[in-house]
Amino acid sequence: MTTTSPPQPGERLLPARPGWPDATGHFGIFGGRFVPEALIAALDELTEAYEAMRVDPVFLAEFDRLQREYTGRPSPITEIERFAEHAGRARILLKREDLNHTGSHKINNVLGQALLTKRIGKSRVIAETGAGQHGVATATAAALMGLSCTVYMGEEDTRRQALNVARMRLLGAEVIPVTTGSRTLKDAINEAFRDWVTNVETTNYVFGTVAGPHPFPAMVRDFQRVIGDEAREQVLEREGRLPDAVLACVGGGSNAIGIFTAFVPDDGVRLIGLEAGGDGVDTGRHAATITGGTPGVLHGARSYLLQDDNGQTIESHSISAGLDYPGVGPEHSYLHDIGRAEYRAVTDAEAMEAFALLCRTEGIIPAIESAHALAGAMVVGKELGPDALLLVNLSGRGDKDVETASTWFGLGDREEVDPGPGLDTDQQPTEGAISNDEAVAGSDAGDEA
Amino acid sequence: MSRLAERIGTAKAEGRAALIAYLPVGYPDVDVSIAAITAAVEGGADVVEIGVPYSDPGMDGPVIQQAVDVAVRAGVGMRDVLRAVEAVAAAGAVPVVMSYWNPIERYGAERFSTDLAAAGGAGAITPDLIPDEAADWLAASEKHDLDRVFLVAPSSTDARLASTTAACRGFVYAASTMGVTGTRATVGDAAEKLVARTRQAAPDLAVCVGLGVSNGSQAAEVAAFADGVIVGSAYVREMLEGRGADGVRALSEDLAKGVRS
Ligand SMILES: Cc1ncc(COP(=O)(O)O)c(C=O)c1O
């Protein structure tokens with residue numbers, strides 16, 4: 001966002017923002033504020049307080065301290081050589097957001113918004129959550145800062161991410177299962193907005209991704225860009241050069257914007273967002289918003305979305321609760337339209353193949369969301385070959401997904417089952433293709449060999 | 001000439017507030033909903049807000065959500081809405097479309113305006129579109145001589161009351177309470193304050209109050225300080241609870257007495 005005010009004391013400490021959005025939150029034709037008038041005062045208050053806070057040295061020092069001492073930043077870079085054998089032998093570096101406190105990148109944004117909540121004098125936060133990671137992060141920050149916390153979560157997601165529901169409740173948050181519509185993230189956002197408009201005097205909405213009305217897309221980007229700011233320096237220091245491509249999964253798009261932003265001015269660096277392809281974009285059962293959607297308005301902003309001819313939002317489908325969303329942040333729509341970033345779809349099966357591969361070759365269990373980025377790296381690595389250097393955002397860890405993955409791979413009752421052949425990476429995994437004790441794709445013979 | 005302003009002015013000349021009924025198209029199906037909408041007019045509604053079903057009605061409470069969800073799942077769209085517009089016009093009330101922005105954007109603001117005017121519609125109310133984002137709609141409604149109704153809320157600053165009312169034509173919708181649609185036991189005093197502030201910003205624009213009114217005595221209370229009384233969830237409840245067009249007509253009669261008392 002371009003500010004017209006003179007530079008503030010903390011301004012010089014901040015990395016330069018891209019030249020967007022404009023002062024009213026527009027990224028080209030995307031973004032803006034499509035909300036009831038009742039919320040405009042709260043959005044104005046947030047915008048104003050945030051613009052003051054972001055250049056306030058006291059805030060910057062506190063935010064920096066929390067990131068180091070509480071989250072554990074900077075997160076490391078890990079090269080994954082054994083995995084890379086299945087990705088055209090390109091070199092692959094992971095940015096380890098899975099090692100953050102609470103297990104994903106979501107904490108980066110939440111700490112910033114929780115500090116902002118205190119600054120505007122509100123005592124209660126609400127949040128929506130899909131995979132539960134944003135809900136857990138919000139519940140965590142609320143506990144840390146003494147705020148009361150209510151999290152809206154689609155009933156379908158409370159089932160498939162039950163571990164995170166328990167975590168939120170342990171942290172003292174109220175979790176409200178949402179039973180309207182598709183019972184997933186989209187409907188949780190609707191309920192959170194309804195709560196907000198009713199309780200706006202006491203309550204701040206801690207939005208979990210770079211979507212929603214202005215100022216959320218710009219503010220969440222600013223809080224998440226630490227991922228790419230760190231990674232760019234780490235890669236330069238380690239490799240003496242920039243990566244050829246930066247990859248991240250895209251639900252609403254916060255981890256992707258977080259790692260992309262520092263690289264936007266680096267023309268030679270390809271930015272690749274991996275959307276959830278579900279059963280395949282051609283089946284209609286997917287969550288690949290930019291790949292398979294059209295511009296429209298949802299949840300307070302204009303962006304690509306999955307919609308029918310009547311302008312009704314189409315329910316999305318993905319094995320990953322965190323990517324199961326029919327919208328996407330407006331900055332991604334803009335980066336797509338200006339050609340600065342490219343977006344591709346990864347199916348459930350491809351993501352789960354990459355999930356298994358990272359587990360078995362590197363000893364890292366990724367979030368299923370992040371596994372979409374890994375699957376993208378397998379494809380892009382093969383396209384670019386062994387000279388390529390890829391940076392992949394490992395946005396979260398997979399503890400929450402253990403049950404979903406066990407069901408997918410049929411690992412529940414494996415004792416009597418013949419181990420059989422391991423996963424052949426040329427094939428789509430089928431239930432039972434991975435056994436408990438067979439090294440999946442763990443042979444050193446990559447499929448390119 | 002604004003048809004909404006004209007009708008509200010006629011009510012005023014009779015020494016009363018206008019009764020504005022909201023019902024969505026498509027619950028329980030298109031034909032029955034149009035019969036119910038017609039019954040609302042027969043019972044005494046001056047204006048009918050014809051609701052466009054939308055999958056993500058962020059400003060609506062459970063009652064309207066439940067009805068609209070059925071219509072969305074049945075694939076009810078703008079063509080059905082335009083049929084309802086014609087029916088209201090034929091029944092003698094002023095039809096105005098109530099729609100979240102995306103269904104109109106998807107249909108095309110210009111095409112929507114052309115077709116709405118042809119069907120006899122007076123204009124549209126857009127609860128999640130603020131004038132700041134409404135360039136296409138402002139241009140299209142101007143071109144087709146349609147009314148456009150934006151919302152003000154208790155949280156609106158004086159500056160926003162001024163800019164929002166300046167963009168309105170027909171009337172301004174005062175959302176009386178902070179919250180979503182639904183019937184409420186009492187009409188708070190926030191409504192009266194908001195109406196007074198809004199009038200100060202725009203002395204010549206009709207101010208109609210919505211959110212929470214469900215019966216004749218509440219309608220009378222609001223009619224004492226507003227130019228129009230908007231009732232939605234109470235009508236929808238008649239449909240959800242199976243009383244159909246007869247229930248809707250009876251509710252209109254009760255409310256019509258209220259705005260005249
Ligand atoms: C680990 C992880 N990655 C990615 C996402 C998707 O969100 P976003 O696209 O905003 O990064 C989620 C959302 O829950 C998540 O938990």
Side-chain angles (χ1 to χ4, degrees), chain A residues 23-26 29-45 178-182 186-203 212-214 294-303 305-315 326-327, chain B residues 52-62 65-66 68-69 71-73 75-81 99-108 112 126-134 150-157 159-161 163-164 172-182 211:
Chain A
T24 51
H26 295 90
I29 65 163
F30 300 108
R33 278 183 181 167
F34 293 82
V35 294
E37 167 66 21
L39 284 176
I40 295 295
L43 292 169
D44 278 344
E45 177 190 30
V178 175
T179 56
T180 52
S182 58
K186 158 181 104 69
D187 308 284
I189 293 175
N190 290 334
E191 275 310 300
F193 271 115
R194 291 181 186 119
D195 181 317
W196 200 28
V197 74
T198 309
N199 300 299
V200 68
E201 278 195 24
T202 58
T203 299
H214 179 62
T294 47
V297 169
L298 176 66
H299 292 152
R302 183 178 285 113
S303 196
L305 72 112
L306 303 179
Q307 61 178 331
D308 68 14
D309 290 342
N310 290 327
Q312 313 294 354
T313 311
I314 296 173
E315 290 179 11
Chain B
V52 178
Y54 180 50
S55 53
D56 295 273
M59 231 193 116
D60 285 306
Q65 281 178 47
Q66 199 186 328
V68 159
D69 191 50
V72 168
R73 282 173 201 280
V76 173
M78 209 56 89
R79 210 180 298 275
D80 305 302
V81 170
S99 183
Y100 288 90
W101 182 245
N102 199 53
I104 296 178
E105 174 153 313
R106 185 69 171 156
Y107 194 80
F112 169 75
T126 50
D128 64 343
L129 184 72
I130 56 174
D132 323 45
E133 300 284 356
F150 297 103
L151 277 63
V152 291
S155 59
S156 300
T157 59
R160 284 202 67 82
L161 290 180
S163 61
T164 301
V172 61
Y173 188 130
S176 61
T177 49
M178 295 296 288
V180 295
T181 55
L211 296 198

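Quick caveat, the model's predicted, so the values are computed rather than measured. Note on naming: letters A, B, ... go to the chains in the order of the sequence lines (proteins, then strands), and numbering restarts at 1 for each one.
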Give me the contact list for residues 307-314 of chain A versus chain B, heavy atoms only, anything under 4.5 Å, ordered by residue number. A:Q307, A:D308, A:D309, A:N310, A:G311, A:Q312, A:T313
NE2-NE2 distance between A:H26 and A:H214, expressed to the nearest 0.5 angstrom: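 NE2 of A:H214 is found 9.0 Å from NE2 of A:H26.
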Rounded to the nearest 0.5 Å, how far does OG of B:S163 lie from CZ of B:F150?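 If I round to the nearest 0.5 Å, the distance is 10.5 Å.
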If I measure from the heavy atoms of chain A, does [X] come under 4.5 Å with its side chain, its backbone, both, or neither?
X	result
B:Y54	both
B:D132	neither
B:P127	backbone
B:R73	side chain
B:E133	both
B:T164	side chain
B:P57	both
B:V52	neither

Can you check whether [Y]'s main-chain N or O pairs, donor with acceptor, with [X]'s side chain at less than 3.5 Å?
X	Y	result
B:D80	B:G77	yes
B:S156	B:L161	no
B:N102	A:V297	yes
A:H299	A:K186	yes
B:W101	B:T126	no

With the side chain counted from C-beta on, respond yes when B:D60 and B:Y100 share a heavy-atom pair under 4.5 Å apart, and no when they do not. yes
Beyond-backbone contact of B:M78 with B:I104, side-chain heavy atoms, under 4.5 angstrom: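 Yes, at least one pair of side-chain atoms sits under 4.5 Å.
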Kindly give the heavy-atom pair with the smallest separation between A:T294 and B:R106, and that separation in Å. OG1-NH1, 3.5 Å
Give me the atom names and distance for the closest heavy-atom approach of B:P154 to B:M178. CD-SD, 3.9 Å
For chain B, find which of A:E191, A:R33, A:E201 contributes the most heavy-atom pairs closer than 4.5 angstrom.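 Winner by heavy-atom pair count: A:R33.
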I'd like to verify something: which residue of B:A134, B:P62, B:G58, B:G61 has the highest number of heavy-atom pairs under 4.5 Å with chain A? B:G58
In terms of heavy-atom pairs under 4.5 Å with chain A, the winner among B:V72, B:L129, B:D56 is B:D56
